[in-house]
Protein chains: 2
Amino acid sequence: MTTHDNDAFRPIATVDLAIFSLSPTGLSVLLVRRANAPFSGEWALPGGWIHVDEDANLEAAARRVLKEKTGVETPYLEQLQTTGSRTRDPRGWSISIVYIALLSADDIAERQDAMAGEAEWRLIEGEGVGLSLAFDHASLLKEALGRIRSKVEYSSLPGHLLPARFTLSELQSVYEHLLGRKLDKSAFRKRVAEADFLKPIEGEMRRASNRPAQVFRLKDTRTLALFDRTI
Amino acid sequence: MTTHDNDAFRPIATVDLAIFSLSPTGLSVLLVRRANAPFSGEWALPGGWIHVDEDANLEAAARRVLKEKTGVETPYLEQLQTTGSRTRDPRGWSISIVYIALLSADDIAERQDAMAGEAEWRLIEGEGVGLSLAFDHASLLKEALGRIRSKVEYSSLPGHLLPARFTLSELQSVYEHLLGRKLDKSAFRKRVAEADFLKPIEGEMRRASNRPAQVFRLKDTRTLALFDRTI
DNA sequence: CCAATAGTGTCTATTAGACACTATACA
DNA sequence: TGTATAGTGTCTAATAGACACTATTGG
């Protein structure tokens, strides 16, 4: 234990989350208004210090922050990237480990009340939210959106934004919304069947004034299924 | 500035590198023997503290470590992932930001002398090096190998391990080596042409007792080109 | 019966994979 | 002329994309 083991030589480290959900109008991200300096009063991605006495590891820290802000415990969660530099935080050399979380529509409905006070869902427009964000969070959000849009092409990601039970048509329409283009129904269903990430709920049908639709759920709500080819 | 701003609450943070090159017998990774506790005397991935007075950002820290260990300045470098937990380092809660670096065969030849004393290239066998490594470095190495093997399928990654000038046959044989299977020459060349990441060197041919082969170089040594489909 | 959406089938233009062929050097 | 590897062409089986068709409900 030779060197760099005192405060001045240690960067500060936080975990920040890009938490996404589907609002009625489209993909949205959860933002919080900062209470303290720096950037007091500005919007930011939810985040917090690593609690060395409380968090067993990085993912646990991310889950703790998520629970504090939304009340949700077991969503889809993946590490995006880590940024760190001398200048991104005026308090000094700082590191942010960024996670992406996807909340199902059920999570939002149930936990609207449990949401921390100064938090708000903001609709995604283009590469961000049309607001300036604290720190380098606008750039982090842009990276998160890039990752999400890329994964829509070849994974079950959109399924994690729907309520627990949904029809194939509902799933297809989320894909189309996130991709910004229409998909062929037949081809879509072939890919979904191949990737094999859905389980039909026996006997449960969505009824309307047309042929009833089979209702499905994800086989695994915590991992993504990948397609062999693009959707 | 309210809380968690003293040493006891701050995790320690290092940058660690999985540095790969092609040795005559195959893909190899650079390991160093640790001089100090913890894990003194054991093999580990090269790494080091972030120098808050010297490194502008995380990537700069990674490049500094790389230069210290190998003398190489501008290889392909990408962030892999960040691990952090209470238990991975006996000194306390610690974070490691892991980078992958690919060195061209030229880099190795030139800098063999400049390499730090207790560093050694170890051949990859299966999911690691057949050695126990310090900290969680065996697991980090396994992740790095997964990323590399995955990217061989759909990117120009193998080109970054060759010397600056190479023929298409040499490139194909690196793909085959990393994938562990033979590729069709015609299909391989179609993909490479589509991805458009090579520049023929005008008039430069590799001569032997057969038809001479066109020599190529990468258009960009610091970024990967991606294929539309798998190789 | 009509309207509306669910779900499946069919046809064709495109492409991937296997394989063969031609080209060009040195010995 | 023989041998070895470079580089290109061809054929076919598999596939994707467009589109059409059938199925099943409520009104």
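Residue numbers begin at 1 in each chain, while the letters A, B, ... track the order of the sequences.
Screening residues 155-164 of chain B for salt bridge (Lys or Arg N to Asp or Glu O under 4.0 Å), with sequence neighbours left out, gives no hits. Within the structure, ring-ring contact (aromatic ring centres under 6.0 Å, His included) contacts touching residues 180-209 of chain B (residues at least two apart or in different chains) are Y175(B)-F188(B). Every pair passing ring-ring contact (aromatic ring centres under 6.0 Å, His included) that includes a residue from residues 136-156 of chain B is listed here, sequence neighbours excluded: F135(B)-H137(B). The side-chain hydrogen bond (donor to acceptor under 3.5 Å, both in side chains) analysis of residues 19-28 of chain B, with sequence neighbours excluded, yields the pairs S23(B)-T25(B), S23(B)-S28(B). Pairs engaging residues 137-153 of chain B under the salt bridge (Lys or Arg N to Asp or Glu O under 4.0 Å) rule: E78(B)-R147(B), E78(B)-K151(B), E127(B)-K142(B), E153(B)-R181(B) [sequence neighbours left out].
Residues forming a side chain to side chain donor-acceptor pair (under 3.5 Å) with K185(B) (at least two apart in sequence, or on another chain): none. Residues meeting the side chain to side chain contact (heavy atoms under 4.5 Å, CB included) test with A18(A), sequence neighbours left out: F20(A), A144(A). Evaluation of the side chain to side chain donor-acceptor pair (under 3.5 Å) rule for R206(B) yields E170(B) as partners, not counting sequence neighbours. S96(B) pairs by the side chain to side chain contact (heavy atoms under 4.5 Å, CB included) definition with T14(B), D16(B), T83(B), R88(B), V98(B), L140(B), not counting sequence neighbours.
Here the closest non-hydrogen pair linking G126(A) and L145(A) is O-CD1, 4.0 Å.
Across all strands shown, S186(A) has heavy atoms under 4.0 Å from base atoms, whether or not it also approaches the sugar-phosphate.
The stretch residues 197-218 of chain A touches DNA chain D through R207(A), A208(A), S209(A), N210(A), R211(A), P212(A), each having a heavy atom under 4.0 angstrom from the strand.
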Distances under 3.5 Å between nitrogen or oxygen atoms of protein and nucleotides 15-17 of chain C:
none

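Mapping heavy-atom proximity under 4.0 Å, the span of DNA chain D touched by chain B runs 5' to 3' from dA4(D) to dG9(D).
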